[in-house]
Each structure stands twice: as C-alpha cells, then as structure tokens.
Amino acid sequence: MQAGTETSYKEMTVDKAKWIYQKMQEIRQFENAVHEIFEKGEIPGFVHLYAGEEAVAVGVCAHLTDDDKITSTHRGHGHCIAKGCDLDGMMAEIFGRATGLCKGKGGSMHIADVSKGMLGANGIVGAGLPLAIGAGLTAKVKKTDNVAVCFFGDGASNHGTFHEAVNMAAIWKLPVIFVCENNGFGEASTFDYAAAADRISDFAKVYKIAGDTVDGRDLMAVYEAAGKAVDRARKGEGPTILECLTYRDYGHFEGDTQTYKDKEVQEKAIAEDDCILRFQNAVKNTKLLTDEEISAIDSQVQDAVAHAIQFSEDSPFPDRSETTTDVYVSY
Amino acid sequence: MQAGTETSYKEMTVDKAKWIYQKMQEIRQFENAVHEIFEKGEIPGFVHLYAGEEAVAVGVCAHLTDDDKITSTHRGHGHCIAKGCDLDGMMAEIFGRATGLCKGKGGSMHIADVSKGMLGANGIVGAGLPLAIGAGLTAKVKKTDNVAVCFFGDGASNHGTFHEAVNMAAIWKLPVIFVCENNGFGEASTFDYAAAADRISDFAKVYKIAGDTVDGRDLMAVYEAAGKAVDRARKGEGPTILECLTYRDYGHFEGDTQTYKDKEVQEKAIAEDDCILRFQNAVKNTKLLTDEEISAIDSQVQDAVAHAIQFSEDSPFPDRSETTTDVYVSY
Amino acid sequence: MSVKMSYSEAINDAVRQAMRKDENVILIGEDVAGGAEVDHLQDQGAWGGVFGVTKGIVEEFGRDRVIDTPIAEAGYMGAAVSAAATGLRPIAELMFNDFIGSCLDEVMNQAAKFHYMFGGKAKVPLTIRTIDGAGFNAAAQHSQSLYAIFTHIPGLKVVVPSNPYDMKGLLLQAIFDDDPVIVFEDKTLYSMKGEVGEGFYTIPFGKAEIKRKGSDLTIVGIGKQVFTAMKAADQLAKKGFEAEVIDPRTLSPLDEGTIIESVKKTGRLIIVDEAYPRCSAATDIAAIVGDKAFDYLDAPIKRVTAPHSPVPFSPALEKIYMPSPEKILAAFQTMVGDRVFTTV
Amino acid sequence: MSVKMSYSEAINDAVRQAMRKDENVILIGEDVAGGAEVDHLQDQGAWGGVFGVTKGIVEEFGRDRVIDTPIAEAGYMGAAVSAAATGLRPIAELMFNDFIGSCLDEVMNQAAKFHYMFGGKAKVPLTIRTIDGAGFNAAAQHSQSLYAIFTHIPGLKVVVPSNPYDMKGLLLQAIFDDDPVIVFEDKTLYSMKGEVGEGFYTIPFGKAEIKRKGSDLTIVGIGKQVFTAMKAADQLAKKGFEAEVIDPRTLSPLDEGTIIESVKKTGRLIIVDEAYPRCSAATDIAAIVGDKAFDYLDAPIKRVTAPHSPVPFSPALEKIYMPSPEKILAAFQTMVGDRVFTTV
Ligand SMILES: Cc1ncc(C[n+]2csc(CCOP(=O)(O)OP(=O)(O)O)c2C)c(N)n1
Ligand SMILES: Cc1ncc(C[n+]2csc(CCOP(=O)(O)OP(=O)(O)O)c2C)c(N)n1
Ligand SMILES: [Mg+2]
Ligand SMILES: [Mg+2]
C-alpha cells in the first residue's frame, strides 16, 4: 500500500491544494448537514453519505476536466461535488425540489449533471462499471483524450459487472480508471467475508492491466496514484484498477444502527485517521497552506452549504405536470 | 500445463480404462451421427457438437457418482454421455420424440437427466456456473460428500456469472470443480481476443483456491487433475478451477462455415492431437487394453449409436396435449 | 387463535415456521442475517435485512441455514435455483424487485423452465421474497412494482399479499409449493399491523378474497392498492354506490372466477394497480374479464394505474404518480355518466 | 425506387445507411463482425452475426465501429447505454431476446430511466437489435418473444417489424431516434423477401399499417403473426366475412387510434400474438380497445396467443403451440355464434 510522499506536497500548487481542501470540506459539511436534516425528517427516501471517503473522490477528480466522465454509486454526493456539481442544485435535488439538478425527479440516489461529466449516482450496485466502459468507448471512437472514471465499492467488486467491465476495458485498452472505494463493508457485510480476494487490485495482474492499492484516507496517495492512472489512460495505455482503502464514517444508509461495526475501530478512524485532518496537517507541515487560508475555506464552505439548504427550503416542489415529462425526448 | 503420466496408466484398472474408452467413443460416434443426420435435415433446431473435447467430460466424470451433480452448456451431449445418460433417450430427445429424456420438450440444448445428476444442458452461456454453486450448497447444507462439477467454455469465462460463482464457492468452501473447456473459441471469437487473461486458471490465485491448466486432449492429464480436485472437494477443502485446453472439431453449431478457423491447425488437431487416438496409443503402449478390447468397444458403441438412431426414428412425436403439461407441478 | 403482528413480523414468523418444520428450508440473500463473521456480533444484533424483516432468524437457525451472500444476484439466485432442484427449499431474498435486472435469467430461463424443459423430471421448489412498491420516495430504481413481468412468464407463480394474515399464509404456501414462487412485499406495508393466525397455516394460491361486498361496481386492488380501493369504496358508499372490493392475492394463478362472478353482478370493473400501465396486471385482468364477462358489462373496464413513466423521487410528484381514491372516483364517474353520479 | 431484398438484407442495408450518414453510429455485440484479430480473416468472410445479418459491414466500416464483444451482455449493453449518453449512437445487438436475463438492468434501470431520473438532462439514443420468435425449433431459451416486458417499461420504445420494407424504415428511425429503442427481428422472417425503398428513409413510430381492409372483424397481428392474420382473413373471406388486418409496427408507442377506428367500424377484434398470454401485448391492446371502443364492440375481444407455457422443442409441439389461422377462425366462431358463421 502506497502513501503520499512529502515531495508531492512540495510540488503541488497552492491553487490545487486549495481546490482539493475546499472540495473535501464541501463534501464533509454537505454530508454532515444532510445527516442532520435527514434525522429531522426533512429529507425523504434513502440517503447514503460519503463522509470519511472524501480523499478518494477529490484525489481522483483533481485530475479531471468537465469533458472527462465519471460514473458513481448509491453513495454519490461526494463524487458529484468533486466533479464540480453545484451545491445548491444538489441539495435541492435531495430535498426533491424543482430547482434540483434533476428537477427533483432523481433524488439522492440519482443525482447527475451530465454537463459536468457526472453520469449519475446509481441505485444499482455494479451498474456504474459497464457505464464507465461506454464513456471510455466514446472517447476512443471519437479519438479524444478524455478518460472515464468508475467509482465503485468493495461490495460491488463481487458483482459480475466488475469483471465484465474490466475485461472489456483491458482488451480494448480503454481510457478507464476503476477506482474501488474499499471501505471494508457492503451494507452490513464485511469485505473480508464477502470477497475471496485479498486485494481487489490483485485482479489487475490477471487482466494484465495496471493496478494499485493505496491508503484512501491519504489524499496525496490517492492523488498521485490517480494522476499516473489518468495519464496512462490519456496516452492510450489502457485501464487501471485503483483500490483505495478507506472508511465510511456514517452508517450504510441514514437510519442504520451500525451494530456490525467495531466501535473502537470507528472512533479511532474518525479521530485519528480522518482524511481531512491528515490533509490539513500535511499542508500545514509542508507550508502549502496557512491556518488562515484553511479557516477561510472552512467558513466559505460553511456559508455555501448553509446557502444550499436555504435555497432548497425556499425552492418550490416540482409542478404536478412534471410527473410525466422527460419520460421520452419525443413519443 | 500438465500432461498425464505413464505411471497413472499403470495404476488405472482395466475396467476404468474400458469405461473411459467406451464413453469417449460413445460421445465421438454419437456426435458424428448427429452431424450426419443434421445435414440430412432430420434434426431440427440448434445443435452444438462436442467431438474433439471428449477427454474433458470423460476424464472428469470418471470420478463422479450418480449423486454428484454436473451443470453443462449448450454443447452438452458429451457431458450427458460421460455422466451416464441413456443414448436412446438422448438421441430421441434431439429428434424431438416422446421417448426422449425430456419427452422431446427440451431438445439438444436442454438435455437433462436429474436422476443421473445431470442438471441440464443450457442455452444460456454462463448460466451453469451459479447452478453448480447451488448443487454444492445442497451438498454442504445436507452434509453429504457429494461434489458438483461445472463445465463451462472459455467464452463463458468472460461472463459475470463466472466470477460471482467462483467467489461464492471460494468464500463458502463449496465442493465445486469449475472445469473450463478452453477450446480457443466462443462462437467465431477467439479466446485471445475476448479475454484479457492469459489463463483462466490464473484467477484461482486471486480467489485463493486451487487452480490448474492441463492439456485437455490428454485424457490422463484431465483425469489426474480432476481426481485431485474432486478429492479436495469431497474432503471439504473447497473449489478448484481446472482449465482444460482443447479443440472443437466441428463448427460452433451445425451449419457453421468456420471461416474464422485456421484450416491447418484444425487438420493437425484432428489428425495428430485427437484425444481418442492419444488414449488408444497410451493404453496400448502401457498394455492396459488390447487391440481386441478396443475393437470390441468400438463395435459395441457403433451398435449402441445405431440402436439409438433406430429407436428415435421409430419413436412417436409427443402427444399434442404435452404442449401444456409440465409447466407447473401444480397450478 | 390469532395474534396481532405487523406485515414484517408475519414474514419473520412464516420463515421461522417453515424452517422449524423442514430442515431443507434455508434463507439466502444479501444481509438476510447481516454481519457474517463479525466476531462481536455473532449472531445477535444482526440486521436481518435492510428493513430488519428477517431479524433474529439467524440466531434461531444459525449461519448454515441463514446465508449472507456477496452482492451477486445472478450468482446466488442461480445457486438457489439449483439448490432447489437438488433437494433444498431455499427462500431467496431479492432485496428490491428492481434488482431483477441482475438475475432475470436465473428466474426466467432457469427456475421457470426447468420443469418444462426437462419433461417434468426436475422441480424447483424455490421461493423468492422481494420488496416492491412506491410511496417511500425511494425513486425510480427502488420503487417499481414489477409483478407483471413475472406474471408474463409461464412457470412462475406470483403472490402479492396485502396484509399480515395473507402474507404469512401465502408465504408458507410458497415455501412448501413445488414450483418457483415469487412473493412481493410492499415496503410501505411492513409496519402495518393485523390479526395473524398462530402456528402453521397456509392459504391456497388462486383464491381471491372479497374484502367488501357491493353490487354497483367491482374494484380489484392489487397489493396495497386494495386499501386505496377500500377508501374509494367508502367514499362511493357515501354517494350511494356499493362497491365490491376484491384482493386477488395471487396474480399467477389468477382467480378469474371470483372476479368474473362479481362483475356479472355489478356490471362494472375498475382495476387499481400502482405498476406501470402497459402490458400490466391491470391490462391482463381487464382483457380476461372483458372477454369472459362481456355480456355483463354495463360500462368499459377502467384501469387506475401509474402513468407510463418511471417513479419520480420528489414526494410532491410521487403522490400524484400513485393511484388514489379520487382517481378511482373519477374513473367511476366516466362509467356511470355525469347525471347518475352527481344526482346521488 | 424500390428493390427486392430479404428482411435480413434490409437490416444490413439500414445499418449501413445509418453508419454512412453519421460517424457516431457504431455496431456492437457478440460476433457482429466475427473473428476479431483472426489474421487470415481480417475482415472478409467474417460471420456478421450468427445468422449473417450484419455480414460485410465490418469490411465497409472497420473494426473501430463494428465491435465484437466478449460474452458479457451486462458489460457491453451498459457500455452501449453510456456510449449513447456521451455522444455516440450505438446499435447494440442482443443476439437473442431471451438473453435479456443477463442485461435487463442496463436496459430497464439505466437506458430507460436516465432521461427521466436526470430531469431531462441526459439522453440515450441507443438502438437494441434483438432476435425473437418461435417456429425455429430453437426451444424454450431461444424462441421467446419478450416484447411485452419492454413495452411495460416506460422510457423504452418497442418496434416489431413484420417485413423488409418496415424493417429498414423503422430501424433507421430507431437509430436516429433520441430515445432508447428495441427492435425485434423475428428469426423466421430473415429470408423473407420484399420490396424495400432504396437509400435512406424512415417510418415514424406509432403508425400502424392497415394490411387489408374489411368491415366484419379487425385482426391485429403482432410481428410475423400479421401473416397468420392475413391467412385467416383469406379463409374468412371465403366464408363471406371481410377482416381488416392491422400491423401495429410499434408497440410503444402504440397507434391506438388506427386500431380503435377500425374496431368502431367492425365491432369485433381479435389480437394475434405468439408471445405468452398473461400481461402481454395482447392483453394490453385488448384492455385499451375494450375501454376506448366499448360502445362499438359487438362481441368480446379475443386473443389468440401462445398458451401459458414455455416454448416446446419438438416440432410436433411447437406447431400446436403457435397461433394459427384455424385458431383465429375458431375465435371468430365464438364471436359470431354458430349460426351466423356456418350459414354463410
Ligand atoms: C444490484 C444491487 N444489489 C443490491 C443493492 C443493495 N445495496 C445498496 S448499497 C449496497 C452495498 C454496497 O457496498 P459497496 O459496493 O461496498 O459500497 P458502499 O456502500 O460501501 O459505498 C447494497 C448491497 C443494490 N442497490 N443493487
Ligand atoms: C447469455 C448468452 N449469450 C450469448 C449466447 C450465444 N452463444 C451460444 S454459445 C456461445 C459461445 C460460447 O463459447 P464458449 O463458452 O467458449 O463455449 P464453446 O461453444 O466454445 O463450447 C455464444 C456466444 C448465449 N447462448 N447465451
Ligand atoms: Mg463498501
Ligand atoms: Mg469455447
């Protein structure tokens, strides 16, 4: 397992560091807010929070442009934010309002913004994997240098679509990066129980593609490995499996009692191994960002999230006619 | 890739050798007969012939009892015969007659005899893999020492069900042997093109189970490797992936022009690398069977296949009422 | 003797009754126990499914018979099909019926066809439990009611219990039935309480229940839409019309007889179904009754269904999406004509 | 100008027209070219699919746009869905429609729902070509006609061309349509010849075709059952009854208007559909017409379909399994009563 190196911090620009820190904070504060609002009963449906895993989405998306595509999961808020989706539109979507990114029709599990290259959160485990191949295929057929990133969980790695997609990406040398967020759990089942493999990246050898496992709570480790993978993909050198070991701070979904979790491990992960804290320390130690810069971002994000909530609460619900629009482009 | 050893021939009983030779001949002559009859237009539907791959089905099934189960593929005649299904009933089934193993309702692609532990040929590539797991699960839950064998093709190894099934068999230590008949082709697509992996057995390492690749035209190589795998499974030591490299003598299905095949390779495979010829030579060289014994089996099989054809031609078609029986046990 | 329990508890009870009665019954699916191999958990406190429906069952029967699976629907469903064909009576949970996209082959081409394709020589006593239903703001991929797809496929039996009593009896019937059966659990009914028989009992398939007698209109409500139908019937009663409300309980087999007898009496039929409207259970019943009770119909058969649209997330839209008593009344209005309805 | 070609050639022609017109059109599926990376083959002599339908296309357009896939339906169908959402117009071949069990999710939960779930901001211009139909002795897993399942699902368009002319025009319409469309190719029609327009033309969806005029009975035939309907119409004509035969051409959208107008005139409707009978296209059309043309019906709407049973292998049984002119005549008999029919 690789860790991020000091040199990499030294090589990072202040702007990049700020962007990264801001995105991680946006995700964290957004998710904390959703958690609270959900508990109050103001958010309907199923909600899966990304808090704790920020370094993965942000470390990877830091290398992408709007023309690059990502596919996501049921735990999609973090991917959305890292890919540049609008917080107001996201929160309003989760609230089911007309001003939501999907006009309130999708909700938390189907947040999408195709204009940002975010091809949608997905309620179906494993569904994002073939979708990523498709985006990679488009890039190949159209001969652009765009890449596609597929975020998927350790649980999803046991679904057949994982293998079908990786195999196709491998034989066609598609510009796809398979980013596994291995948080050790698929719902209440541990990775150790559900998967026979030790490491998901071990499959890379068999498929004869690049593979790596990194500390997913270490922003720089993810950032570096993802950078190399994206580079390879852009150069036409084919796909990568990048496994990021991480932890989900909240339950599987909102309302989960989490009895299956080891309390001590959880507390330690949150207190001592938090990706945002670690990034804060690293950028301070390497003098990349100052305390003031960090606080400024913190409060700026706080305002943005507060704004998103207010915006959502103030937004109207969709008009009843919307129930049957957007089923077809034309019918 | 392992080859069969001389010692193994020395250790084999004459009865076993006779059984093996007979089953291989039954398959070969049965398939040759079906090929001819199909060309004459007397057999309807899709037919996929097993000729050339006999050593795999027979080398594996030589270790099984009627209480062990096998799942099969679209290319299922060989598995049926190796597992002890009745030739008359099989041929009549392929003819669509009332006396067929499935009363003429299944045909070539759905030949089955559950009483022999043969859970059916299958028209769906990849479908047999999870089915094998189920038979293994029954053995485990009922605490018998039965095993389940899953025959599948190299093409099927690219289907998600392969991985879902192997992973489950691995984490539950099921008594399942995954026998891949790697004949180098899935329809008109080569294994080299369609699969990124070099060897299908390479996946065994990642799933942390036993795995092996053998010369699938060498009866003894298959027999030995399968013996070990079945042994391990019976002892509760979990699953094996056994990849057998083989060649299909006929086309993908009857009617296939086979333009994608290299003619020279095909001719050489049939003339010099035939599994039945090789077995004949080996048993003669090791003095396990005499020329007379071999000829006796040859003509006995010839009679049996002729009988099966006659039986089928003489058999009535199913009664029209059969169209809607057997849909449910009760409704 | 009967006891009060929830729809969810009725399922839990049925599964336990079955597992006590026959050691070949196993429960298999994603997190049906939960927390497999988590040391501090074994086996108390385990989830028992995302909605806790099978909670406690692993404690009673152990992990050999209550099997958590990886997220591999094709894999474990195929395993369940063949476990059934080789001597077990598996209850396989497909968490949400929307996930059938990952394992339709195992259900449609394997489970449903073995008995037929193999000339009656194999049987597949498999029960699939699955969650359906809108009304939970679970959006387009977790709110569908896909029973029409299964009803379409010969070889499957399809069960849509609307209350705890039926759920227990029908689920037990399913488990000990020798054919593959899919039982739909409407997620919005889990907390619904009702009287349930104690101990072991079964309800035969293909027997509809008349929930309310009436002579002016027959309303068939599928699954939880029985309650929408009952509410509409109450409102109609206030206007002087007596609706007969029928719960078919199983869609395959379908109790055509009870519905047709009712329509012969009432001359009018409305089918209430929250599933998609095309090639649906609603069109199915309409076509059958329209054929077999043609001479008795005083008005066209009306279907009150979801629109031809995915299920929207927003609560504001989902409410409009669903059938309602108002929509039923509006349909009835068109059947009797303005004059009759408003004069009462 | 028109030329004579087979149903299969019409497909081949349509795909070529589309690929010439728009370089974003790609063809993807198992062996749609065949023999990828086989040196001595590149690219002549390649299969072009199991029935040779797409033969030669790889020679014209190359392997970058004619893509053989591994046997991984979920994988390549999902890829096609998102290739469509990101700028291509893929034609994905699902070899047999029976294989939908391996990739229903990609079609039902992804392709069909993106546009809606994402608030209209994504579109999926995907065409799925697939083979259906019994009559080939291909047995239970290769003979189904599963269009009802797709018609059930909002967001999909469903096309069932019955002849070469329609096939070409409808397939081209599908390819350039901005919604996901599934086009059914009946395997028994591949060799059927007919007049086909030259060059590029499209046939709009939702427009049924009246194949034969008549005033005594309307027969709707789905896919190749149009021909069974035509044969029955001929036989009826000999008995003095003129049947109007309608080919709906697309099931979603459905041209209700044309069917209803016809029934208003004839007062009688038989739907001929070789698919399973429950929750089917036949019940769908019966329910819609039974509702909207109620006042015009002189007899119950009859459905002549497959029985509720998988497709049998034996030629002897498959023949009995299928709709036939005799079955249509028998249905008509019940509609008009013994007296009328036999006296003519
Ligand atoms: C096909 C399918 N099966 C099951 C589920 C239910 N489900 C939702 S999330 C989840 C666990 C996913 O685990 P993992 O992939 O590790 O992602 P994580 O939740 O840990 O981010 C499951 C089983 C689903 N949504 N889709
Ligand atoms: C799910 C599915 N996809 C595609 C097919 C069509 N098909 C039948 S056999 C076959 C090739 C199988 O190749 P392989 O697994 O190597 O077996 P082989 O024919 O070589 O014995 C294909 C693609 C099918 N029957 N089922
Ligand atoms: Mg996880
Ligand atoms: Mg092969």
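Below, chain A is the first sequence line, B the second, and so on; all start at residue 1. Keep in mind it's a predicted model, so treat the numbers as computed, not measured.
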TODO: Identify which of C:Val311, C:Asp295, C:Thr334, C:Leu254 forms the greatest number of heavy-atom pairs closer than 4.5 Å to chain D.
DONE: C:Leu254
TODO: Find the distance between CD (C:Glu73) and CG (D:Asp105) and round it off to the nearest 0.5 Å.
DONE: 9.0 Å
Open item on the list: Counting only heavy atoms not in D:Lys319 (residues, nucleotides, ligands), do more than 12 fall under 6.0 Å from its NZ?
Closed with: no
- [ ] Check each atom of C:Tyr116 against the heavy atoms of chain D and say whether the ones under 4.5 Å are side chain, backbone, both or neither.
- [x] side chain
Open item on the list: Counting only non-hydrogen atoms closer than 4.5 Å, does C:Ala148 touch chain D with its backbone (N, CA, C, O), its side chain (CB onward), both, or neither?
Closed with: both
Open item on the list: Counting only non-hydrogen atoms closer than 4.5 Å, does D:Ile285 touch chain C with its backbone (N, CA, C, O), its side chain (CB onward), both, or neither?
Closed with: neither
Task: Max heavy-atom pair count under 4.5 Å with chain C, selected residue of D:Gly290, D:Ala306, D:Ser309 - done: D:Ser309
TODO: For D:Lys302 and C:Asp291, work out which heavy atoms get closest and say how close.
DONE: NZ-OD1, 2.7 Å
- [ ] Please state whether the side chain, the backbone, both or neither of C:Val107 comes within less than 4.5 Å of a heavy atom of chain D.
- [x] neither
Task: Options D:Cys103, D:Ala286, D:Ser280, ranked by heavy-atom pairs under 4.5 Å with chain C, top entry - done: D:Ser280
- [ ] For side chain to side chain contact (heavy atoms under 4.5 Å, CB included), just list the numbers for D:His308 and C:His152, CA-CA rounded to whole Å, side-chain angles, deciding distance to a tenth of an Å, and then say yes or no.
- [x] CA-CA 8 Å; D:His308 185 63; C:His152 185 57; over 6 Å; no
- [ ] Under 4.5 Å heavy-atom distance to chain C, tell me which part of D:Val289 shows up: side chain, backbone, both or neither.
- [x] neither
Open item on the list: Ignoring hydrogens, what is the shortest heavy-atom contact between D:Arg278 and C:Leu251? Give both atom names and the distance.
Closed with: NH2-O, 2.9 Å
- [ ] Sort C:Ser252 into side chain, backbone, both or neither according to what part of it lies under 4.5 angstrom from a heavy atom of chain D.
- [x] both
Task: Per-residue contact mode, C:Leu297 against chain D (heavy atom under 4.5 angstrom) - done: both
Open item on the list: For a 4.5 angstrom cut-off between non-hydrogen side-chain atoms, does D:Ile100 reach C:Leu104?
Closed with: yes
Open item on the list: Any non-hydrogen side-chain atom of C:Gln144 less than 4.5 Å from a side-chain atom of D:Ile153?
Closed with: no
Task: Structural part of C:Pro312 lying under 4.5 Å from a heavy atom of chain D - done: both
- [ ] Under 4.5 Å heavy-atom distance to chain C, tell me which part of D:Ala74 shows up: side chain, backbone, both or neither.
- [x] neither
TODO: Dump the intermediate steps for side chain to side chain contact (heavy atoms under 4.5 Å, CB included) on D:His142 and C:Asn109, then the final yes or no.
DONE: CA-CA 10 Å; D:His142 283 70; C:Asn109 284 332; over 6 Å; no
TODO: Count the heavy atoms belonging to other residues, nucleotides or ligands that lie under 6.0 Å from CZ of D:Phe294, then report whether that count exceeds 12.
DONE: yes
Open item on the list: So if I apply the side chain to side chain contact (heavy atoms under 4.5 Å, CB included) rule between C:Pro310 and each of D:Met117, D:Lys113, D:Met108, which one comes out positive?
Closed with: D:Lys113
Task: Under 3.5 Å: donor-acceptor pair, side chain of D:Asp284, backbone of C:Cys279 - done: yes
TODO: Among the options C:Ala299, C:Ala282, C:Ala293, C:Ala275, pick out the one with the most heavy-atom pairs lying under 4.5 Å from chain D.
DONE: C:Ala299
Task: Part of C:Ile271 within contact of chain D (heavy atom distance under 4.5 Å) - done: neither
